[in-house]
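In the text below, chain A, chain B and the rest are named by the order of the sequence lines, each starting its count at 1. This one's a predicted model, so the numbers in the text were calculated from it and none came from an experiment. All heavy atoms count here, side chains included; hydrogens, waters and symmetry mates do not.
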Amino acid sequence: MSDIRVRLAPSPTGFLHLGVARTALYNWLTARAAGGSFVLRIEDTDRQRSTDEFLQAILEDMRWLGLQWDEGPEVGGSYGPYLQSERGTNYAGYIERLLASGAAYRCFCSPEELEERRGAHSSTEAAAWKYDRKCESLSTEESIALAREGRSFAVRFRVPGGRTAFDDVVQGRVEFDNSEFDDLVIARSDGTPTYNFAVVVDDIEMRINYVIRGSDHITNTPRQIMLWRALGQEPPEFAHMPLILAQDGLVLSKRRGAVAIGEYRRRGYLPEAIVNYIALLGWAASDGGEILSPDELTTEFELSKISRTASTFDPDKLAWMNVQWVKKLDVADRTDRLLPILREEGLVGDEISGDERAWLERVVNVIDDRLKTLRDILEFDWFFLATDVDYDSIAVNKVLAKPGAGDILAGLHKELSAVSDFTPESLELTIRSFADGMGLSAGKVIQPLRVAVTGGTASPGMFETLSLLGREKVLQRIEKAGEFAD
RNA sequence: GGCGCCAUCGUCUAGCGGUUAGGACGCCGGCCUCUCAAGCCGGUAACACGGGUUCGAUUCCCGUUGGCGCUACCA
């Protein structure tokens, strides 16, 4: 086991979406490939926006994707708690240290005052306002005296001069002039730590040594590095992933519901497909291979080969990827995954017998590669109904309501009543010779039969379908369809 | 506005000074075929622009333009 420790630190203020999922995946792959640890830490300090529902949804989606965390909620670990809101007491000591060393100072400017000064500034200048360091020059004595008076204060980090640079695993060397940053608040007037500070303290305490996150954090990085150093710690390694853009060209965000992972689960996508797709967003295997299992990704994946270009999410390619993965599932596996959907729709019961299971597998086998998503199984619900089929009116008009259709169905009914065994082979023989006898191509006979039996113009192979349905249902449906004919 | 990052087919990408600029998705056409999928074959389509450097730039450098991100006592 190596000592690589990575983490995902989502805030439960929305559902897990593709962007966060990809960051999670890259962290997970990195930990797995290195034999390190993947820590899940929940940044729920924003009590207004964080909810337990979101937290549970995130955990569920992570599990569904197969991104198991080694430490975090529910599994615990040596450096918990893993909910930031439960780590509250840990920060005060660090703030005291920074105050004592002079790396931080009390700021008595109220938010209102700051707002006022900011407002005055923006009306005259185009550049953004930076904290004017009004309280930075307060002596320690003055500062303590004011605090004793009961004046409320925030704690600001005294940003040193010079430059801060780091070698990012994907971005290369990134350098900032420290004068770009104002003295950031690390503790609010109520004593709670702000994001950048809490992250650093938690990462230190959780022994995180490799930070893999979205490049929207890139300007936070120098601030955090300064904090790590002020706390006497060596900063971790950083890798900033390019962002994923929605098709409108803007970053994927929590507010775009269509890209929530849970949504794809409900639509019948496979987790393997999602994982495979997001892995390839900004990264390509050296041999150009595109269909990669989690295991293959683990060995192939290289953080340093990630492109720095933001990539646009393409639902079409995801859909294609899903088809590839559905095709890879064997019949038993496919059936297992289909079962919950069929149950939900009441098409099969909670308990199924061995015979039902066997029949279901035959259905799945006959449907073959026609499922683009698991949910597409519902297109085939006529397999599961006793007698009634919903007839598609367009199909009926196009096929059954044509001259001759009635004769074909009547003839077929007779032939199929008489056919000795209802196997695909003998059905094919019977139907083809029936068509010959009528002087028609097989297709001309099969299509009315298809509509009669399935209700639509598209279905799995007709002979297999008839065989599976059985003589009784087939004849019933032909009779019923006869009402539409001619 | 400032700072940072980025720039190859519509999209995801390969390329790492000399290539007919390759692959995948999508789209179009064909084959197969009982329909629909799947599959197979073929086609469409790109180096943002301008300067350099070089015998030679998609590739290196600079600039322009464009895109995205960040710029809170949010995370």
Looking across every strand, which nucleic acid part, if any, lies under 4.0 Å from A/Gly288 by heavy atom: base, sugar-phosphate, or nothing? nothing
Can you figure out which of B/A75, B/A14, B/C73 approaches the side chain of A/Val185 most closely? B/C73
Strictly below 4.0 Å, heavy-atom distances to any atom of RNA chain B: list the hits from residues 155-168 of chain A, or just say none. A/Arg156
Protein-nucleotides 59-65 of chain B N/O pairs closer than 3.5 Å?
none

Residues of residues 423-439 of chain A with a heavy atom under 4.0 Å from any atom of RNA chain B, listed by number, are A/Arg432
Charged N-O contact under 4.0 Å between A/Asp183 and A/Arg158: no
Can you list, in residue-number order, the parts of residues 447-462 of chain A that come under 4.0 Å of RNA chain B, counting heavy atoms only? A/Gln447, A/Arg450, A/Thr457, A/Ala458, A/Ser459, A/Pro460, A/Gly461, A/Met462
Tabulate protein N/O versus nucleotide N/O from nucleotides 5-8 of chain B, keeping only pairs under 3.5 Å, one per line.
unit_1 : atom_1 : unit_2   : atom_2 : d
B/C5   : O2'    : A/Gln171 : OE1    : 3.4
B/C6   : OP1    : A/Arg308 : NE     : 3.4
B/C6   : OP1    : A/Arg308 : NH1    : 2.2

In terms of side-chain geometry, is the basic nitrogen of A/Arg7 or A/Asp202 positioned less than 4.0 Å from the acidic oxygen of its partner? no
Do A/Arg213 and A/Thr221 meet the criterion of a side-chain donor-acceptor pair at a distance under 3.5 Å? yes
Taking donor-acceptor contacts at under 3.5 Å, does the side chain of A/Ser189 reach the base of B/C73? yes
Only counting residues at least two apart or in another chain, list the ones meeting ring pair (Phe, Tyr, Trp, His ring centres under 6.0 Å) with A/Phe380. none
Going by the salt bridge (Lys or Arg N to Asp or Glu O under 4.0 Å) test, which pairs reach into residues 431-442 of chain A, not counting sequence neighbours? A/Glu428-A/Arg432
For A/Glu300, which residues count as a side-chain hydrogen bond (donor to acceptor under 3.5 Å, both in side chains) partner, sequence neighbours excluded? none
Nearest 0.5 Å please: distance from the CG atom of A/Asn276 over to the CD atom of A/Gln324. 9.5 Å
Mind checking A/Lys372 for me? I need base, sugar-phosphate or nothing, with any heavy atom below 4.0 Å counting as a touch. sugar-phosphate
Taking salt bridge (charged side-chain N to carboxylate O under 4.0 Å, His left out) as the definition, give me every residue that meets it alongside A/Glu205, ordered by chain and number, with sequence neighbours left out. A/Arg87
Less than 6.0 angstrom separating the ring centers of A/Tyr105 and A/Phe157, yes or no? no
The criterion is side chain to side chain contact (heavy atoms under 4.5 Å, CB included); which residues satisfy it with A/Asp177, sequence neighbours excluded? A/Arg163, A/Ser179, A/Glu180
From CG of A/Leu466 over to C1' of B/U35, roughly how many Å is that when rounded to an integer? 13 Å
Could you tell me whether A/Thr312 contacts a base, only the sugar-phosphate backbone, or nothing, with contacts defined as non-hydrogen atoms closer than 4.0 Å? sugar-phosphate
Qualifying salt bridge (Lys or Arg N to Asp or Glu O under 4.0 Å) pairs with a residue from residues 272-292 of chain A, counting only residues at least two apart or across chains: A/Glu272-A/Arg337, A/Glu290-A/Lys317
Salt bridge or not between A/Arg334 and A/Asp369? Use side-chain N to carboxylate O under 4.0 Å. yes
Can you list the residues that meet the salt bridge (charged side-chain N to carboxylate O under 4.0 Å, His left out) rule with A/Arg477, with sequence neighbours excluded? none
